[in-house]
Amino acid sequence: MASELVTNAIKASGWTPPGDDAAAPAAAVPQAHGTIWIGVYRSLYDVVVEVWDPSREPRILTPDFDDDHGRGLWLVSQAVRRWGYRRPVTGGKWVWAAIAAD
């Protein structure tokens with residue numbers, strides 16, 4: 001779950017490996033190109049992972065049967081107790097997922 005949220009945030013941030021100029025920076029918060037933030041905490045009942053990136057909307061795709069990508073958030077939604085996203089007034093978005101802490 002954490003790996004999927006972080007991978008999505010890296011893609012949404014516009015980060016590219018050094019020397020790769022193919023990807024453009026995320027337009028929502030241009031000064032945050034390549035930046036993501038990760039938070040992990042425990043609430044009373046859950047362990048919550050939150051990831052911030054400069055994009056404003058999560059992309060939930062509906063892939064074709066033979067596509068090799070696009071199922072990540074759907075898989076996260078099936079594996080966790082709950083998940084969602086929020087858009088802070090400062091820009092970007094936080095995507096979070098909670099698993100039972102039992």
Side-chain angles (χ1 to χ4, degrees):
M1 166 196 60
S3 174
E4 179 62 31
L5 297 182
V6 169
T7 299
N8 288 351
I10 289 170
K11 290 177 183 178
S13 75
W15 182 85
T16 56
D20 183 358
D21 296 328
V29 186
Q31 70 275 15
H33 175 64
T35 301
I36 66 169
W37 292 93
I38 302 166
V40 179
Y41 61 90
R42 181 175 174 162
S43 67
L44 187 58
Y45 301 106
D46 300 316
V47 174
V48 180
V49 176
E50 292 186 307
V51 181
W52 178 90
D53 67 65
S55 172
R56 293 297 282 170
E57 298 290 333
R59 290 182 39 206
I60 303 171
L61 304 176
T62 306
D64 289 332
F65 180 75
D66 58 347
D67 284 347
D68 63 355
H69 67 282
R71 295 173 179 80
L73 275 180
W74 180 82
L75 287 170
V76 167
S77 74
Q78 300 304 301
V80 299
R81 184 188 303 239
R82 52 201 171 95
W83 79 278
Y85 69 96
R86 57 189 165 84
R87 289 182 233 126
V89 296
T90 54
K93 72 173 174 306
W94 285 97
V95 178
W96 58 270
I99 57 174
D102 313 324

Report task. State plainly whether one hydrophobic cluster holds both I38 and Y41, where clusters connect Ile, Leu, Val, Met, Phe, Trp and Tyr through side-chain heavy atoms under 4.5 angstrom apart. Result -> no
Requested in this report: Please confirm whether the backbone N or O of V48 pairs with a side-chain atom of D46, one donor and one acceptor, at under 3.5 Å?
Outcome: no
Query raised in the report: Taking the side chain from T7 and the backbone from E4, do they hold a donor-acceptor pair closer than 3.5 Å?
Result: no
Query raised in the report: How far does CH2 of W52 sit from CG of L5, to the nearest 0.5 angstrom?
Result: 15.0 Å
**Report entry** Exercise: identify the closest heavy-atom pair between K93 and A12
**Finding:** NZ-CB, 4.2 Å
Query raised in the report: Does some side-chain heavy atom of V95 sit less than 4.5 Å from a side-chain heavy atom of N8?
Result: no
**Report entry** Closest non-hydrogen atom pair, A97 against M1
**Finding:** CB-SD, 3.2 Å
Query raised in the report: If you measure from OH on Y85 to CH2 on W96, what distance do you get to the nearest 0.5 Å?
Result: 12.0 Å
**Report entry** Test item: R81 side-chain N/O and I99 main-chain N/O as donor-acceptor pair under 3.5 Å
**Finding:** no
